[in-house]
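Here's the structure we're looking at; comments come further down.
Numbering of ligands and ligand atoms starts at 1, following listing order. Just so we're clear, the structure is a prediction, and the values are computed from it rather than from any experiment.
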Amino acid sequence: MLFPECTPNEKRKNLRVALKTGKLLQFPGSWSPLISMAIEKQNFDGIYISGSVISNDLGYPDIGMTTLSEVAQRGRQIARTSILPTIIDIDTGFGEPMNVTRSVQEMIEMGLAGCHIEDQMNPKRCGHLDGKSIIGQEEMLRKVKAAVHGKKLDKNFFIIARTDARATEGLDKAIERAKAYVDAGAECIFIEALENEKEFELFRKAISAPLLVNMTEFGKSKLFTYNQLSNLGYNIVIYPVTAFRLAMKASIDGLLEIKNKGTQEEILGKMQHRKDLYSLTKYEDYNEFDQDIFNFKLKN
Ligand SMILES: C[C@](O)(C(=O)O)[C@H](CC(=O)O)C(=O)O
Ligand SMILES: [Mg+2]
């Protein structure tokens, strides 16, 4: 299979089937088509596109500086390269309820499998930072309903509502909001920045809809293992910034090495080898179209 042979609609249906198995699904974060191909190769269940990483990669902090078109285009590039379902972060939905409907429709047209919309006030911030503010419950309900309205283009598109209320209003209020968001049509709840195992347990017990948990590093939540999260009864786990943090650290370390030693000779082992890169992009397979494409030998 040289090009992904799975339509966006099939990916959305596959996500629903996978959720029904009751198995905890792992969605690592991807900010580029090539990383998504690596995620697929490692047999993960899906791909997550982080708003934070799209912002950061464009040189901005995660405060809502990106536009709907930028996010949608990046979403399309990433989602189309893989047969896995891709869930995208649309932050606060890029405006008023009517904009939220438009945003969801764009994501459907761009081939995404689902998205999450959050109840933060603009300018938003990482859910694991202090000093967040959230919009009123009624206002968020209008946004959730508007997101669900956008699903008219494809009923299998998966709408996730995120609440940042734990930090501002406490756990009970966060539960109350989550229940209201589900009643308004959200199919899954992303509960942001719970602080301990007990809170994860209580939240799970209170909400019957599927739950998404965020295992972002250096934040407020402890980094639970796959088995712990599975035993807690969560349904989707995202690792939104992990690959990006790894790549950035490795890249900066490598740049320093060249600056300090004048050569990259000693860090070759830390790099993705040309051979592995060519294997990931399926270079050789393009000979199916033209025998002169992959007609060279590679050094080890
Ligand atoms: C999940 C998240 O919304 C994201 O954009 O990836 C961020 C992640 C992070 O900043 O670590 C979040 O608000 O948790
Ligand atoms: Mg985000």
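Excluding water, every protein N/O/S atom under 2.8 Å from the Mg ion (ligand 2) is given here by residue and atom: Asp89 OD2.
Atom numbering of ligand 1 starts at 1 in the shown order; those under 4.0 Å from a heavy atom of His128 are 14 (O). Below 4.0 Å from some heavy atom of Asn214 lie the following atoms of ligand 1, by number and element: 1 (C), 12 (C), 14 (O). Interface of Tyr48 with ligand 1, defined as ligand atoms under 4.0 Å from a residue heavy atom, comprises 1 (C), 4 (C), 6 (O). Interface atoms of ligand 1 facing Pro240, defined by a heavy-atom separation under 4.0 Å, are 1 (C), 6 (O). Those atoms of ligand 1 that come under 4.0 Å of a heavy atom in Gly127, given as number and element, are 12 (C), 13 (O), 14 (O).
Exactly one of Lys132, Arg162, Arg177 qualifies for a salt bridge (Lys or Arg N to Asp or Glu O under 4.0 Å) with Glu192. That residue is Arg162.
Ranking the protein heavy atoms by distance from atom 11 (O) of ligand 1 puts Thr216 OG1, 2.5 Å first. Atom 12 (C) of ligand 1 has as its closest protein heavy atom Glu192 OE2, 3.2 Å. For atom 10 (O) of ligand 1, the closest heavy atom belonging to the protein is Cys126 SG, 3.0 Å.
Taking 4.0 Å as the cut-off between side-chain N and carboxylate O, Arg102 and Glu96 do not count as a salt-bridged pair. In this structure, Glu199 pairs ionically with Arg166, as a charged nitrogen and a carboxylate oxygen lie closer than 4.0 Å. Taking the charged nitrogens against the carboxylate oxygens, Asp164 and Lys124 have no contact shorter than 4.0 Å, which rules out a salt bridge.
By the 3.5 Å distance cut-off applied to N or O atoms, His116 is not counted among the residues near ligand 1. For ligand 1, the polar-atom distance check against Ser50 finds a nitrogen or oxygen pair separated by under 3.5 Å. Ligand 1 has an N or O atom lying under 3.5 Å from an N or O atom of Gly51, backbone or side chain. Polar contact check, Phe190 against ligand 1: no nitrogen or oxygen pair lies under 3.5 Å apart.
Side-chain contact, Ser82 with Lys41: no donor N or O sits under 3.5 Å from an acceptor N or O. No donor-acceptor contact under 3.5 angstrom links the side chains of Asp89 and Ser50, judged on distance only. For the residue pair Asn300/Lys275, the side-chain donor-acceptor check at 3.5 Å is satisfied. For the residue pair Ser221 / Glu195, no side-chain donor-acceptor distance below 3.5 Å is found, with atom types taken as modelled. Gln26 and Tyr226 share no side-chain donor-acceptor pair at under 3.5 Å. In this model, a donor atom of one side chain and an acceptor atom of the other lie less than 3.5 Å apart for Asp154 and Asn9.
Only the side chain of Arg162 comes within 4.0 Å of ligand 1, judged by heavy-atom distances. Contact annotation for Arg245 and ligand 1: only side-chain heavy atoms (C-beta onward) come within less than 4.0 Å of the ligand. Contacts between Val53 and ligand 1 below 4.0 angstrom, taking non-hydrogen atoms only, are absent altogether. Contact annotation for Glu118 and ligand 1: no heavy atom of the residue comes within less than 4.0 Å of the ligand. Looking at Glu217 against ligand 1, nothing comes within 4.0 Å, counting heavy atoms. Contacts of Trp31 with ligand 1, taken as heavy-atom pairs under 4.0 Å, are absent altogether.
Distances shorter than 4.0 angstrom do not occur between any heavy atom of Phe218 and any atom of ligand 1.
Within the 4.5 Å cutoff, the side chain of Val237 has no heavy atoms near those of the Phe27 side chain.
Ring centers of Phe224 and Tyr234: at least 6.0 Å apart, outside the cut-off. The aromatic ring centres of Tyr181 and Phe190 sit 6.0 Å or more apart. Phe158 has its ring centre no less than 6.0 Å from the ring centre of His116.
One hydrophobic cluster, built from ILVMFWY side chains closer than 4.5 Å, cannot hold both Leu211 and Leu19; they sit in different ones.
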